[in-house]
Amino acid sequence: MAFEHYLGTTKVNPARVKLLIGAGVMAIVGTISMILFMWVAGKMSIARVDAPTIDFILVQMSAEEPPPPPPPPPPPAGSEMEEEEVEEDVPEEDEPLEELTQPEDKPKDIPDKKKGSGVPTGIPGGVPGGVPGGVPGGVPGGVPGGVPGGASISTKPAAGTSVTKKPLQAVMAQAVYSPDPDQKLLQQTKAARFDKRDGTNKTSFCVDTTGKVVDVKTKSKFPGDPQVDQIIRDTIKKWRFKPFIVGGKPVKTCTERTFKLKFK
């Protein structure tokens with residue numbers, strides 16, 4: 001019995017052998033793997049370095065100036081010799097000075113200035129400042145036939161400065177060019193973009209003797225937006241008319257126009 005027990009305990013167990021072999025293989029493989037991992041990690045380690053510095057390089061581009069023109073070629077030797085020969089000092093001749101002699105004959109008596117009136121011919125009793133055709137005892141600066149102490153009468157006709165006022169229909173009937181206010185400019189105003197409020201504007205203007213518009217004034221302002229008034233004044237200044245003829249002469253004519261503006 002003891003021998004059999006000995007044989008049973010010393011008998012080789014195949015499963016145990018396999019377990020021991022497997023454990024040994026795993027230990028060897030794990031050790032080799034750990035060594036390889038540490039070697040690869042050492043190779044792949046990145047040393048810590050400082051941050052790279054940035055250097056700025058300024059490059060200035062400038063156009064090259066054209067080279068100066070070459071100096072003119074020197075003249076040939078022959079021409080220099082000729083010029084030197086030509087340039088000779090010529091002695092200047094002294095011009096004879098003419099002797100100026102004062103005439104011996106001198107007038108002994110110098111006639112006195114003519115005494116008389118202020119007129120060219122002069123008449124007895126005239127005074128300085130008189131005019132031709134005057135009479136003795138007249139006033140200096142007067143006119144023939146005038147009254148002493150009276151003012152002179154100008155015969156020059158005065159320029160026509162008459163101004164007439166006519167209805168708008170009569171004035172616009174003479175219009176040659178009369179466009180309406182620019183709608184694009186009106187749409188950009190405060191009244192059109194924000195207020196959306198209707199209103200009226202009354203503007204007076206005159207047509208001069210050449211047909212141009214002058215004296216443009218706003219009589220009744222558009223409520224809340226002076227830019228509308230300015231656009232209307234600028235528009236009227238561009239109008240052109242035929243001159244108004246009264247009595248065969250052009251006259252200045254004035255009128256007024258009311259503009260009704262609606263903004264949606």
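For A173, the side-chain contact (heavy atoms from CB on, under 4.5 Å) criterion is met by no residue, not counting sequence neighbours. Contacts of F205 classified as ring-ring contact (aromatic ring centres under 6.0 Å, His included), with partners at least two apart in sequence or in another chain: W239. Looking at residues two or more places apart in sequence or on another chain, you find a side chain to side chain donor-acceptor pair (under 3.5 Å) between T210 and D208. For D182, the side chain to side chain donor-acceptor pair (under 3.5 Å) test picks out no residue, with sequence neighbours left out. With sequence neighbours excluded, the residues satisfying side-chain contact (heavy atoms from CB on, under 4.5 Å) with A192 are Q187, T189, F263. R240 meets the side-chain contact (heavy atoms from CB on, under 4.5 Å) test with Y177, K212; sequence neighbours excluded.
Residue pairs meeting the salt bridge (Lys or Arg N to Asp or Glu O under 4.0 Å) criterion with at least one partner in residues 226-235, sequence neighbours excluded, do not occur; the list is empty. Pairs passing the ring-ring contact (aromatic ring centres under 6.0 Å, His included) check and including a residue from residues 19-45, sequence neighbours excluded, do not occur. Applying the salt bridge (Lys or Arg N to Asp or Glu O under 4.0 Å) test to residues at least two apart or on different chains, none of the pairs has a partner in residues 28-37.
Membership of the apolar cluster around M38 extends to M34, as traced through chained side-chain contacts below 4.5 Å between ILVMFWY residues.
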Show the atom names and distances, to 0.1 Å, of all donor-acceptor pairs under 3.5 Å that link a side chain in residues 19-33 to residues at least two apart or in another chain.
| unit_1 | atom_1 | unit_2 | atom_2 | d |
| --- | --- | --- | --- | --- |
| T31 | OG1 | A27 | O | 2.8 |
| S33 | OG | V29 | O | 2.8 |

Going by atom type alone, with no hydrogens or angles, which donor-acceptor pairs under 3.5 Å involve a side-chain atom of residues 245-256 and a protein atom two or more places apart or on another chain?
| unit_1 | atom_1 | unit_2 | atom_2 | d |
| --- | --- | --- | --- | --- |
| K252 | NZ | D215 | OD2 | 2.7 |
| T253 | OG1 | T164 | OG1 | 3.4 |
| T255 | OG1 | K166 | O | 3.0 |
| T255 | OG1 | L168 | N | 3.4 |

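Counting only heavy atoms from C-beta outward, the side chains of F222 and L261 approach each other to under 4.5 Å.
The closest donor-acceptor contact from the side chain of D225 to the backbone of A191 lies under 3.5 Å.
At a threshold of 4.5 Å between side-chain heavy atoms, the hydrophobic network of Ile, Leu, Val, Met, Phe, Trp and Tyr places M172 and V213 in one connected group.
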